[in-house]
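All values below were derived from every heavy atom in this structure, side-chain atoms included, with hydrogens, water molecules and symmetry-related copies excluded. A, B, ... follow the sequence lines: proteins, then strands. Residue 1 opens every chain.
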Amino acid sequence: VKKTQFFELMGDIDENKLVEADFAMRNKKRITWMPYAVSVACAAIVVAVSVLFLKNGTKPVSDVSHKIETEQNNTVTHTKEKNNTNITEYAAKTEITESENQIRIQLTDEIPSEKYALFALHINDFVEMSRDEINAYYGTNIFPNVPNDLAAKETVFGIYKSENGVGDVYWDSNRSEYSNSDGSRALALTVDKEGIPFDFCNLFDEPEEKSIINDTEVGIAKTEYGELYAEFLYKNAGFRIVASGLLQDEFVSVIESLLKEYPQKAVAADEDGVYFEAVDSEKLSADVSDIFCGSYINEYGTYIVLLTKNTPKNRALICEELDLSGKVDIWSTAKYTHKYLTELQTKISDAMINKELPFVVSSGVYENLNSIIVGVTTKNEDDIAKVLALDTIGGAIQIEYSEENFIATLEAEIK
Amino acid sequence: VSDNDIVKLYLDRSSDAISKTAEKYGSYCNTVANNILGNMSDAEECTNDAYLKCWNTIPPKKPENLRTYIGKLVRNISLDRYKYKTAKKRSGTDFEAVLDELAEIVSGSETVESELEKKELALAINSFLDTVSKENCNIFICRYWYAHPVSEIAKRFGKTRGGVTAVLSRMRSKLKNYLIERGYEL
């Protein structure tokens, strides 16, 4: 048999196989198959990012061999050929940190697409997780610091476990997206445990093609249209980040923010399951203390920040000063600034210490309620008025009368 | 436009049939042809020939999958043109590499003449592909049916070039043994 005849014979291969191979070849290129059982928010993110990239335009892959140019301090140092892929590699020392980061960004003609995952995820298997829980699951922080103008899209995080959420984990890919108001700048992050999500990119075959950021190897690529791509393993998690409209330095900063030791927060929940975030108002600048009303993580893991006025400018100010870029799920408004509440709390505490308010047994700032709850052992209106008088604005104090407090106080007095 | 709608245009002998086919499958046909010929100008001519062949064969044929139907047409036309053009010299294209790889399976001397033998051999190749993983099967077909470059397959399947080459090499060797075991004289 001659080789051309054998090729000809291959023409009679089962049509279904041809369709499957053709499908695999085409769809791994652009179409992203996301499990439809994932929340609608996730699906929306996929669409948003796809639309964004399509809007900016992508170029079909070419087989033409191109040269790789390596630049160091803007000087071309060497040129080499690489397999049929349009790649230009840049090497330059980053100015982002003082560490010995080596940033190498490869030019590619398209962002590596996600491998499609076409298998059923059952919604009953979904185990929703708070930010802390999902960070603990991955063993590292998966919420990057993003530029101030990027806001996080509301996303439900979690994993899929067989047997209605109690068996083995069979899907733990989580995706979050950030974008500015008009969508011209956006970033999507996908994270998997123990492997790079949709490990599909073969841009970084050699270690020397990767960047070194915070002592971690990071594959970074960008297209001529300015889309940026990164993939890396850190701790036990694999990250895949795609961005559009971001500056190279901004992108590197985002990556860098993920390559840090994750401080495991020991935040105790109160009886209602509400977690509190501590922010020291005294350390806030005047600009921020005038608008910041508090922050907390609710029982669903949603990070909420309260502002006097929820404006882009105020959000940017808070993000910058409190390093909250990309961490806030919900921005909301409240009446009392955090500074006012903590100062009021100090006044109440001082009065308690000075025994000016002997009927007050407890007092605390509740950031989720944007108020102070004062526990008292009296129902005497004059006594309560003494407490409320400290609240110069009015309405910031909630009085809680407790019979138990009253009895406890009596017992203490008897002793 | 759905395949059914386009096929109906052919059946109705509508002049829109070819333009709609070109609109939907022009790029696909050009890719298949160009993979074989390595020349876009020749590829476009083969694609146009495939449109014409569609026009001449539908009806009586009524393909269920127009994509693979026209894909087969353009593949055969391109292969004929390839044979014609390279009767005396090597083309040096990637398709030449595809054929050289297939040469590892065949002796290059014997020729399967009868249609029955051809069909049997094609069936044997099919059944061999049933024994391999879906991914390997897809890679094999992408290389030896669509004649896609290894680099392109690697990119699409998330492998390195070396990885794809290794998969193809192992599969060629297995296919050769598979066919020899079943009495085919290659």
Less than 4.5 Å to any heavy atom of chain A: does that hold for the side chain of [X], its backbone, both, or neither?
X         : value
Leu73(B)  : neither
Ile105(B) : side chain
Ile125(B) : side chain
Tyr144(B) : both

On a heavy-atom basis, which atom in [X] and which in [Y] lie closest, and how many Å separate them?
X         : Y         : answer
Ile141(B) : Ala21(A)  : CG2-CB, 3.6 Å
Glu20(A)  : Asn138(B) : C-OD1, 3.7 Å
Glu15(A)  : Lys72(B)  : OE1-NZ, 3.7 Å
Phe7(A)   : Leu99(B)  : CB-CD2, 3.8 Å

Checklist entry - Are the side chain of Asn126(B) and the backbone of Ile13(A) linked by a donor-acceptor contact shorter than 3.5 Å? => result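 Side chain of Asn126(B) to backbone of Ile13(A), a donor-acceptor pair under 3.5 Å: no, none is there.
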Checklist entry - Between Tyr82(B) (side chain) and Thr4(A) (backbone), is there a donor-acceptor pair under 3.5 Å? => result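 Such a contact is absent between Tyr82(B) side chain and Thr4(A) backbone.
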Checklist entry - If you count heavy-atom pairs under 4.5 Å with chain A, which of Asn76(B), Val98(B), Asn65(B) comes out on top? => result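 If we count pairs closer than 4.5 Å to chain A, Asn65(B) comes out on top.
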Item to check | Name of the residue among Asp12(A), Asp22(A), Leu18(A) meeting side chain to side chain contact (heavy atoms under 4.5 Å, CB included) with Trp145(B) | outcome: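 Going through the options one by one, the only one that passes is Leu18(A).
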Please tell me if the side chains of [X] and [Y] come closer than 4.5 Å, counting only heavy atoms from C-beta onward.
X        : Y         : answer
Val19(A) : Arg67(B)  : no
Met10(A) : Arg143(B) : no
Lys83(B) : Glu8(A)   : yes

Checklist entry - So with a 6.0 Å cut-off around NZ of Lys53(B), is the heavy-atom count from everything else above 12? => result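 Check fails, neighbour count at 12 or below.
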Next on the checklist: Please check if the number of heavy atoms outside Asp130(B) that lie under 6.0 Å from its CG is greater than 12.
Outcome noted: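 More than 12 within 6.0 Å, yes.
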Item to check | Set of residues satisfying ring-ring contact (aromatic ring centres under 6.0 Å, His included) with respect to Phe251(A), sequence neighbours excluded | outcome: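 Counting only residues at least two positions away or on another chain, Phe251(A) forms no ring-ring contact (aromatic ring centres under 6.0 Å, His included).
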